[in-house]
Amino acid sequence: MLQPFKEMHFRGICMFFDLRIGVRLSLIVVILLAALAGVSVYALHEIKGRLLAERQSQSRIMVQGALAQIARFHTMEQDGRVTREAAQKMALQAVDTLRYGPDQYVWVNDSRPVVLSHPIAAMIGRNVDDIIDADGRPLFREFLRISAGSGNGTLSYRWPRMNDDVPHLKISYVEGFAPWEWTVGSGVYVDDIDAAYEDVARRFGLFALLAGLASALVVGLVALGITRPLGQITRCMTRLAAGEDVMVPEYARGDELGDLMRAMGSFKRHLTEKKQFSEAHDAVLREAATVFNLITDAVMVTDARNHIKLVNPAFSRITGFGPDEVIGRSPSILSSGRHDESFYGGMWARLTSEGNWSGEIWNRAKSGEVYPEWLSITAIRDRGGETHGYVATFSNIAERKRSETRMRWQAEHDALTGLANRPYFETALAVALSQARENDDDLGLLFIDLDGFKEINDSLGHAAGDSVLAAVAKRLQQVVRSDDLVARMGGDEFAVVIPKLHREADAQHIAEKIVSRLSEPFAVGGVQARIGASIGIALYPHHGTSPEQLTSAADGAMYRRKQKGRNGVSLAGNSSEATVS
């Protein structure tokens with residue numbers, strides 16, 4: 001069976017060498033152009049894939065941010081602090097704030113499916129079971145199928161932009177919130193990526209055509225004349241094959257030997273260009289190796305058996321493991337033990353089906369430290385689709401998480417006292433009123449203004465004043481209940497939100513304790529400083545049902561207390577007042 005094949009192969013080689021030199025040069029140029037085209041097309045597809053992955057990552061981050069908000073209110077429901085209806089309402093209010101532009105938003109629908117949150121007001125409350133995309137698919141039914149239980153995934157479809165009736169290519173990421181049977185989704189338009197890809201592909205096609213025409217022209221001109229005796233051609237060829245720098249003379253003769261000699265010169269130029277191309281290719285490989293060694297993300301390459309065969313310096317810096325400690329071993333040496341088998345099962349299922357996986361994971365460094373990282377894994381597959389290994393990149397995101405937590409705390413709290421600031425107070429008061437309304441509870445609001453604080457500032461200095469304010473904050477937190485919210489409104493003004501108030505007298509009692517506690521002297525740099533407090537009380541629903549009404553009532557009561565004599569308590573809408581000396 002092999003003998004006929006060998007004979008055919010030999011005849012094919014002989015036929016190639018029987019061709020004219022011009023034809024052979026043409027074939028070589030075509031092969032080089034084809035190789036260049038293959039590399040370029042692969043690069044274009046890689047760039048397109050990365051852009052699509054980045055867009056999908058944007059949607060996933062938005063959805064997971066919304067799910068974190070929803071889970072927070074679900075926890076409040078489980079703890080019994082709010083009813084399910086109240087928790088869902090507050091969750092939708094939080095989701096409604098997640099807007100990143102006209103085309104980047106989060107929506108929520110339930111299992112019917114009815115839209116619960118959407119930037120288009122007309123969509124809220126609508127049953128969208130009948131909505132189909134440009135290809136005739138029941139869009140929201142597809143979302144329900146993907147997000148069933150706590151599932152997640154992406155869906156590509158064509159959908160018009162806001163204020164535009166023309167469908168554009170869009171990819172949405174959806175994830176289910178099983179406790180409430182909700183589907184949370186977000187999408188991004190990717191038609192601009194396809195348009196850019198097609199534009200670059202057209203340009204490359206034009207370039208390839210021009211290069212092919214130019215190459216054909218060059219080969220044709222070379223094939224027109226060869227000027228060299230066959231013996232000299234043979235010697236030159238031998239020396240060229242040995243890598244020597246041979247001067248190929250040019251002859252003006254128009255016979256076939258002259259044509260061959262000129263083709264010889266062209267062949268030498270071709271070898272020079274090939275060497276230059278090889279040197280340039282080697283330079284690119286060296287640059288790629290430099291990037292591999294200098295990139296700040298850890299890179300790990302495994303074989304088909306998932307054994308580590310290559311890591312970069314960033315891997316050792318992040319994990320503490322040197323290359324000799326991990327090469328040949330399984331990546332499971334980094335396992336933190338925080339993830340169960342179902343987590344890794346889902347990861348490998350995704351890798352097997354789609355060839356890639358990315359997400360947040362907890363791993364363990366050599367020192368034993370457990371840290372969060374963002375991990376991306378891509379399968380290395382041949383043209384037949386067989387997997388030969390994996391490339392994983394990851395980075396330690398612990399500092400980023402700490403920074404996000406710190407920034408969120410700083411945005412919601414007063415830097416001097418550590419109490420809630422005015423914006424956070426306003427949000428918390430609105431939420432507390434909503435819960436009181438849902439649970440038919442009473443609520444108290446205290447507005448506190450320090451008496452005599454200006455004199456301390458003027459006489460002892462601002463540093464002493466800041467020390468007193470910090471001490472006031474501590475005393476307020478000691479007096480109020482654990483569920484009460486204490487906020488600094490600015491300057492020497494404070495506020496206290498008292499949820500689940502059982503009796504009006506309880507708010508009066510807390511206010512009087514505050515007045516009494518703040519009347520005690522403060523030690524400031526060896527000096528005993530004294531201040532007082534004027535407090536106004538407003539009660540829900542007696543003095544108002546909105547944050548503005550309650551705030552105005554408490555503020556008015558506080559100022560009335562100051563006008564009638566400081567260091568005491570006034571109740572909104574009540575002429576009777578209490579004074580603590």
Side-chain angles (χ1 to χ4, degrees), residues 55-78 82-191 346 350 353-354 434 438:
R55 297 286 180 86
Q56 293 180 24
S57 178
Q58 294 174 9
S59 297
R60 186 179 300 108
I61 290 172
M62 291 175 64
V63 169
Q64 291 175 350
L67 285 170
Q69 294 289 337
I70 293 172
R72 182 164 64 90
F73 290 105
H74 176 248
T75 301
M76 294 172 62
E77 175 201 348
Q78 289 182 316
V82 296
T83 64
R84 169 166 289 196
E85 183 180 354
Q88 291 179 344
K89 184 176 181 181
M90 289 186 287
L92 292 175
Q93 290 174 347
V95 171
D96 286 340
T97 63
L98 300 177
R99 298 287 183 268
Y100 300 89
D103 294 328
Q104 289 184 295
Y105 55 85
V106 176
W107 82 85
V108 180
N109 61 269
D110 59 20
S111 60
R112 290 175 286 180
V114 170
V115 176
L116 305 178
S117 174
H118 199 280
I120 301 177
M123 292 287 291
I124 298 176
R126 177 183 173 187
N127 188 307
V128 289
D129 187 54
D130 58 339
I131 290 183
I132 60 175
D133 64 6
D135 297 322
R137 293 179 299 177
L139 192 56
F140 282 84
R141 283 295 170 189
E142 286 293 308
F143 291 153
L144 290 177
R145 179 184 62 80
I146 295 173
S147 62
S150 295
N152 62 75
T154 58
L155 182 67
S156 299
Y157 57 95
R158 294 189 176 275
W159 192 257
R161 299 177 186 269
M162 288 189 180
N163 303 320
D164 184 4
D165 294 330
V166 179
H168 299 276
L169 184 59
K170 187 174 185 180
I171 296 179
S172 288
Y173 174 83
V174 294
E175 188 167 337
F177 185 71
W180 291 347
E181 296 183 348
W182 281 7
T183 296
V184 182
S186 177
V188 291
Y189 290 94
V190 296
D191 51 326
R350 175 76 176 272
S353 62
E354 301 184 19
S434 177
E438 294 291 338

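Keep in mind that this is a model prediction, so the values were computed, not measured. Computation of the quantities below employed the complete heavy-atom set of this structure, encompassing side-chain atoms and omitting hydrogens, waters and symmetry-equivalent molecules.
Here OG of Ser57 is found 8.5 Å from CD of Gln64. Values are rounded to the nearest 0.5 Å. Expressed to the nearest 0.5 Å, how far CE of Met76 lies from CZ of Arg84 amounts to 14.5 Å. Atom-to-atom distance recorded for Lys170:NZ and Arg158:CZ is 13.5 Å, nearest 0.5 angstrom. The structure places CG of Asp110 at 11.0 Å from CZ of Phe140, a figure rounded to the nearest 0.5 Å. Note that CD of Glu77 and CH2 of Trp180 are 5.5 Å apart. Values are rounded to the nearest 0.5 Å. With rounding to the nearest 0.5 Å, the separation of CD1 in Ile61 from CD in Gln58 is 7.5 Å.
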Report the C-alpha distance between Arg126 and Ile131 in whole Å, list the side-chain angles of each, state the deciding distance to 0.1 Å, and finish with yes or no for side-chain contact (heavy atoms from CB on, under 4.5 Å).
CA-CA 10 Å; Arg126 177 183 173 187; Ile131 290 183; 3.9 Å; yes

Given side-chain contact (heavy atoms from CB on, under 4.5 Å), test Leu155 with Val174 step by step and report yes or no.
CA-CA 8 Å; Leu155 182 67; Val174 294; over 6 Å; no

Trp107 and Met123: CA distance, side-chain angles, deciding distance, side-chain contact (heavy atoms from CB on, under 4.5 Å) verdict
CA-CA 10 Å; Trp107 82 85; Met123 292 287 291; over 6 Å; no

So Glu142 and Tyr157, side-chain contact (heavy atoms from CB on, under 4.5 Å) or not? Walk me through it.
CA-CA 11 Å; Glu142 286 293 308; Tyr157 57 95; over 6 Å; no

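The residue from Thr183, Asn152, Asn109 that alone fulfils the side chain to side chain donor-acceptor pair (under 3.5 Å) condition with Ser147 is Thr183.
Atom CD of Glu181 is surrounded by 12 or fewer heavy atoms from other residues, nucleotides or ligands within 6.0 Å.
Considering all non-hydrogen atoms of both residues, Tyr173 and Arg60 come closest at CD2-CA, 3.6 Å. Considering every non-hydrogen atom in both Leu92 and Leu116, the closest pair reads CD2-CB, 3.8 Å. Taking each heavy atom of Phe73 and Ala91 in turn, the nearest pair found is CD1-CA, 3.5 Å. Closest of all the heavy-atom pairs between Ser172 and Gly187 is OG-CA, 3.4 Å. For the residue pair Val108 and Val184, the shortest heavy atom distance occurs at CG2-CG2, 4.2 Å. Taking each heavy atom of Pro179 and His74 in turn, the nearest pair found is CB-NE2, 3.4 Å.
Under the 3.5 Å distance criterion, the side-chain polar atoms of Ser186 are matched with a main-chain donor or acceptor of Tyr105. Using a distance-only test at 3.5 Å, with no hydrogens or angles considered, no donor-acceptor pair links the side chain of Asp135 to the main chain of Arg137.
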